[in-house]
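Okay, so here's the structure we're looking at.
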Amino acid sequence: MKYSEAAEQMMKDSLAVPADASPVHHEAWDTRIQQVAALATRLCREKEAVHSAVCSIYGSPDRLIVNLACTATAEEHVPMIMLYVNDTLIPHMEKSLGIQFEVRNLQFGVGGKEIQAPVAAGLEDSAPTMDWLGRPFAEPAAAAGTGPHGSTARSDVDLAALH
């Protein structure tokens, strides 16, 4: 075996991953998605038209799920809040994490009314079935083992990253 063939074989062997290898859980990843969720919650709440908001993120980089519930102070503010969340906040969250969300569970409400954002094509069956708005940090059965991640605590994430 020539040197180049041996080096090539060694590279293939060292990069091989067994098919039964389970994903590694990284505390740094959990911390990062908690920080981004906390910042998203805070940024929504800072909007004058927002009465309340909560955001949670869970999953792995292969299947990242965001839950965001936002209540407006008046019905006429809902379209503006929906545009902000869909066109500004979510894209900045994805940019900050370096990954696009596979599932976006977005709920908007006004004075006891609930307005659900339309589900993107093909994602109807992939969304968790539990009512997460009542328990936003509970772990859905579909994501067992990944754990919930979200917080309303103060975040160390750079505010400029999401503006």
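Position 1 is the first residue of the sequence; numbering continues from there. Note that the coordinates shown come from a computational prediction; the quantities given were computed from them, not determined experimentally.
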Margin query: Determine whether a donor-acceptor pair (N or O, by modelled atom type, separation under 3.5 Å) exists between the side chain of Gln100 and the backbone of Glu94.
Written below: no

Discussion item. Main chain of Ala49, side chain of Thr73: is a donor-acceptor contact present, judged purely on distance under 3.5 Å?
Written reply: yes

The reported gap from CZ in Arg42 to SG in Cys55 (rounded to nearest 0.5 angstrom) is 12.5 Å

d(Ile90 CD1, His92 NE2) to nearest 0.5 Å is 11.5 Å

Only one of Asn67, Asp30, Val66 passes side-chain contact (heavy atoms from CB on, under 4.5 Å) with Ile57, and that residue is Val66

| query | Is any side-chain heavy atom of Leu106 closer than 4.5 Å to a side-chain heavy atom of Met82? | reply | no

side-chain hydrogen bond (donor to acceptor under 3.5 Å, both in side chains) filter on Ser52, not counting sequence neighbours, yields Thr71

Count I, L, V, M, F, W, Y as connected when their side-chain heavy atoms are under 4.5 Å apart, and connections chain through other members. Are Val36 and Trp29 then in the same cluster? yes

Evaluation steps, side-chain contact (heavy atoms from CB on, under 4.5 Å), between Lys47 and Ile81: CA-CA 9 Å; Lys47 295 288 183 191; Ile81 293 170; 5.8 Å; no

Taking the side chain as everything from C-beta on, heavy atoms only, tell me whether Ser96 gets closer than 4.5 Å to Arg32. yes

(message) Checking the side chain of Arg63 only, and the main-chain atoms of Val103 only, is there a donor and an acceptor separated by less than 3.5 Å?
(response) no

Checklist entry - Linking I/L/V/M/F/W/Y whenever any side-chain heavy atoms sit under 4.5 Å apart, do Met80 and Val78 land together? => result yes

- request: Report yes or no: does Thr41 contribute a side-chain atom to a donor-acceptor pair with the main-chain N or O of Ala37 at less than 3.5 Å?
  value: yes

